[in-house]
Amino acid sequence: MKARLDFLLRATIDECFKKGVLKKAPLPDFVIEIPNNPAHGHFATNLPLALASSQHRSPREIATIIIDHIKDERGLLENSEVAGPGFINFLISAKEWYGILSDIVTRKGDYDRNRVRSGERVLVEFVSANPTGPLHLGHGRGAALGDTLCRVLSFCGYDVVREFYINDSGQQITILGESILNRFKQVNNPEYPFPENGYHGDYVLSLAKTISEEIDLEKLTEEEAIHVCTRKGKEILLEEIRQDLKRFRVAFDIWYSENELSSSGLLENTLEVLRGNGLLYEQDGALWIRTAGFGDDKDRVIRKRDGQFTYFASDISYHLEKHNRGFAKAIDIWGADHHGYIPRMKAALLSHGIPEDWLSVMLIQLVKLWKGGQEIKMSKRAGNFVTLQELLDEVGVDAARFVFLTKNHDSQLDFDIDLVKKQDSDNPVYYVQYAHARICSIFRKAGDAGISIPEKPDGLLNLLSLDEEMVLIRTMAEFPAILAEICKTLEPHRLTYYLTALASSFHRYFNLGTKIPEHRIITPEKGLSQARLTLAEGVRTVITNGLRLLGISAPQRM
RNA sequence: GCCCCCGUAGCUCAGGUGGAUAGAGCACCAGAUUCCUAAUCUGGGUGCCGCAUGUUCGAGUCAUGCCGGGGGCACCA
């Protein structure tokens with residue numbers, strides 16, 4: 001709708017230039033927006049204000065000229081008027097709004113599919129938890145965010161690949177193995193030393209049990225035993241991570257192993273290339289990469305004095321490999337504690353001529369956990385944390401996904417376990433789901449009464465005339481813009497806000513009927529009932545589509 | 001010291017590329033159910049939008065500085 005108005009306005013300005021009623025000048029930036037105040041119409045533009053300086057005329061004068069020259073042959077507009085310092089407020093004709101409703105109920109689940117981009121290849125990497133313990137709340141937030149973003153991007157026509165990068169080599173994986181072996185040994189020998197920085201969680205003990213039942217650890221040398229514990233431990237944990245994510249309705253296309261990255265020789269190749277470009281040098285016995293020249297504040301070590309590569313080395317290699325796979329854009333979702341990592345990563349890419357905006361890094365701020373009015377410090381190593389699994393047991397997948405997306409990812413999220421547990425009926429997700437269930441119920445009643453939506457309801461829609469009905473249609477019409485915006489800003493939380501607003505408008509509309517029987521959806525007048533059912537069907541469609549993008553179920557009954 | 005995020009109603013937070021009178025949920029108070037699901041709805045808000053300066057027709061929004069809270073600044077992962 002906004003696009004049509006934009007088109008009409010630009011045509012009008014051209015016309016004004018041609019006729020000489022406005023001086024020819026480059027078209028300035030202007031906006032068409034939905035005003036906060038309903039008295040200001042359905043849409044408003046600041047175009048006259050933006051034109052004022054180049055025209056040397058008052059904005060109100062320009063606004064009048066524009067309005068006089070609008071050639072609205074299709075009858076898009078019902079009214080246009082000058083307002084305030086020089087805005088133009090537009091009222092769209094009812095017929096246009098009915099057209100949108102008709103479009104929604106015709107296209108159903110495909111309403112607004114593929115509007116933004118077609119086929120641009122995007123790689124989204126998220127969660128990427130180390131297989132050294134179960135997923136916790138922070139991973140849940142990243143999973144909900146990344147998955148919803150992927151669903152929206154894909155719905156809007158991007159060719160999306162979801163990837164989980166497995167940090168399955170390096171120091172911390174070995175420490176996992178040592179921790180497991182320790183728990184095994186301690187059963188008979190409580191004095192057996194626990195590794196420094198070892199993992200304390202209860203899951204380590206159960207891993208020790210599982211592994212020792214399968215393999216006789218006593219028969220192995222300590223080195224062999226650690227090796228076995230490491231390998232089996234990460235295997236089991238990775239499988240648990242997969243299961244947790246599956247339960248959370250998050251699916252990945254690719255599980256990318258760091259181990260394979262180095263064993264396949266990719267890391268070495270990358271180093272060769274870097275060396276060839278003169279980007280590497282030795283100092284103090286370590287190998288450094290020159291990132292300082294590319295926007296980082298200092299050079300970075302990629303191979304330590306002890307001969308081990310840093311994570312940065314494989315991360316560079318990994319990201320270059322992503323680029324080689326031909327993605328137009330890469331999105332990484334990282335914990336906020338990695339923010340210092342962004343400049344050096346981008347610098348490394350830039351040194352290969354990969355532009356800065358190829359990679360978007362979304363940082364998720366901390367999830368703070370509250371229980372019994374106290375903050376619980378989460379630490380995997382101290383074994384003190386609430387797992388995603390526990391959270392899902394408490395509040396369910398729907399509520400968890402929704403709550404994770406009620407705040408912008410770069411704001412901290414206070415997650416009060418007690419509150420969300422209690423929240424049963426106060427939880428906002430139920431509010432939206434209830435609107436859906438309620439509409440389903442109305443359709444069951446209508447079915448009992450022998451009323452259904454006709455094949456072509458278009459002719460009946462002009463029976464919709466209540467303010468509340470028109471508000472609903474206009475809100476539904478915003479859905480495409482919301483999705484487009486999420487693609488642009490990478491902020492899926494806008495969807496939860498939008499759905500809450502839509503559900504609210506519907507509940508309000510429904511309740512009109514409790515006071516005034518003529519305003520009920522099912523009335524003695526068949527045509528009117530059919531028109532209103534079409535409206536309800538539109539709302540149901542948009543809510544269903546929205547919830548599907550959030551990975552949340554749309555129940556028929558509650 | 002440097003970097004990132006945050007600061008909006010009692011609380012938790014939304015506030016498209018700057019627009020007209022800044023919003024929602026929770027909490028609190030008062031109401032609505034012979035009627036399509038009350039998990040709902042209606043009514044009730046005197047907010048230095050952290051402070052200051054700047055940019056301009058116009059700033060919660062942009063720029064700079066300061067104050068306050070959180071996080072990060074390793075040859076850790």
Side-chain angles (χ1 to χ4, degrees), chain A residues 29-31 33-37 39-40 44-46 49-50 52-53 58-59 83-87 89 130 132 167 170-173 175 197 283-288 297-298 300-306 308-312 335-343 363-366 368 406-414 416 419 423-431 433-435 437-446 448-449 481-482 484-485 488-489 491 493-494 496-497 500-501 503-504 506-517 520-523 529 532-533 536 557-558:
Chain A
D29 285 339
F30 68 97
V31 295
E33 60 174 7
I34 299 171
N36 293 326
N37 186 340
H40 295 155
T45 183
N46 64 347
L49 289 157
S53 65
S58 87
F87 296 100
N89 294 340
N130 293 350
T132 52
N167 282 131
Q171 192 74 26
Q172 91 290 356
I173 282 287
I175 293 175
N197 293 326
Q283 187 181 312
D284 304 331
L287 188 63
W288 296 68
D297 49 5
K298 57 182 261 198
R300 304 290 169 175
V301 169
I302 64 174
R303 193 182 59 219
K304 295 180 277 183
R305 196 183 305 177
D306 65 8
Q308 291 250 334
F309 285 105
T310 62
Y311 267 27
F312 188 41
D337 53 338
H338 287 72
H339 83 263
Y341 214 75
I342 298 174
L363 295 179
I364 21 177
Q365 292 291 330
L366 219 63
K368 273 195 183 180
T406 51
K407 292 187 172 72
N408 196 339
H409 61 86
D410 62 13
S411 290
Q412 291 182 21
L413 178 69
D414 284 319
D416 188 327
L419 196 77
Q423 237 173 359
D424 274 354
S425 57
D426 287 340
N427 200 305
V429 68
Y430 294 110
Y431 187 81
Q433 289 181 317
Y434 181 49
R438 198 172 224 181
I439 293 171
C440 292
S441 168
I442 293 167
F443 272 92
R444 285 191 292 270
K445 286 278 179 194
D448 293 345
I482 299 290
E485 208 174 304
K488 201 168 101 185
T489 61
E491 291 176 353
H493 74 285
R494 293 169 188 268
T496 57
Y497 279 85
T500 304
S504 172
F506 181 77
H507 287 311
R508 173 191 298 233
Y509 173 57
F510 176 88
N511 273 275
L512 285 180
T514 61
K515 275 199 170 167
I516 310 168
R520 293 172 59 159
I521 289 172
I522 300 170
T523 70
S529 303
R532 287 181 176 167
L533 282 171
R557 294 169 200 272
M558 286 174 77

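Source: prediction; values computed, not measured. The figures here come from the full heavy-atom set of this structure, side chains too, leaving out hydrogens, waters and symmetry mates. In the text below, chain A, chain B and the rest are named by the order of the sequence lines, each starting its count at 1.
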Does [X] put a side-chain nitrogen or oxygen below 4.0 Å from OP1 or OP2 of [N]?
X        : N     : value
A/Asn36  : B/A20 : yes
A/His409 : B/C4  : no
A/Lys298 : B/C73 : no
A/Ser411 : B/A14 : yes
A/Arg438 : B/A38 : yes
A/Tyr341 : B/C76 : no

I want to verify a distance call: between [options], whose nearest atom is closest to the [X] side chain?
X        : options             : answer
A/Leu49  : B/U40, B/G19, B/U37 : B/G19
A/Asp337 : B/G72, B/C36, B/C41 : B/G72
A/Phe87  : B/C6, B/G19, B/U37  : B/G19
A/Tyr434 : B/C36, B/C57, B/U37 : B/U37
A/Ser441 : B/C5, B/U37, B/C75  : B/U37
A/Lys445 : B/U40, B/C36, B/C75 : B/C36

Identify whether any heavy atom of [X] sits under 4.0 Å from a base atom; if not, whether one sits that close to sugar-phosphate; answer base, sugar-phosphate or nothing.
X        : value
A/Asp448 : nothing
A/Glu485 : base
A/Ala435 : nothing

What is the distance, to the nearest angstrom, from the CZ atom on A/Arg508 to the C1' atom on B/A32?
15 Å
Nucleotide B/U61, atom P - distance to CD of A/Glu33 in whole Å
16 Å
Do A/Arg444 and A/Arg557 touch side chain to side chain, with heavy atoms closer than 4.5 Å?
yes
Hey, are the side chains of A/Thr523 and A/Arg532 touching, using non-hydrogen atoms and a 4.5 Å cut-off?
yes
Any donor-acceptor pair under 3.5 Å between the side chain of A/His338 and the base of B/G72?
no
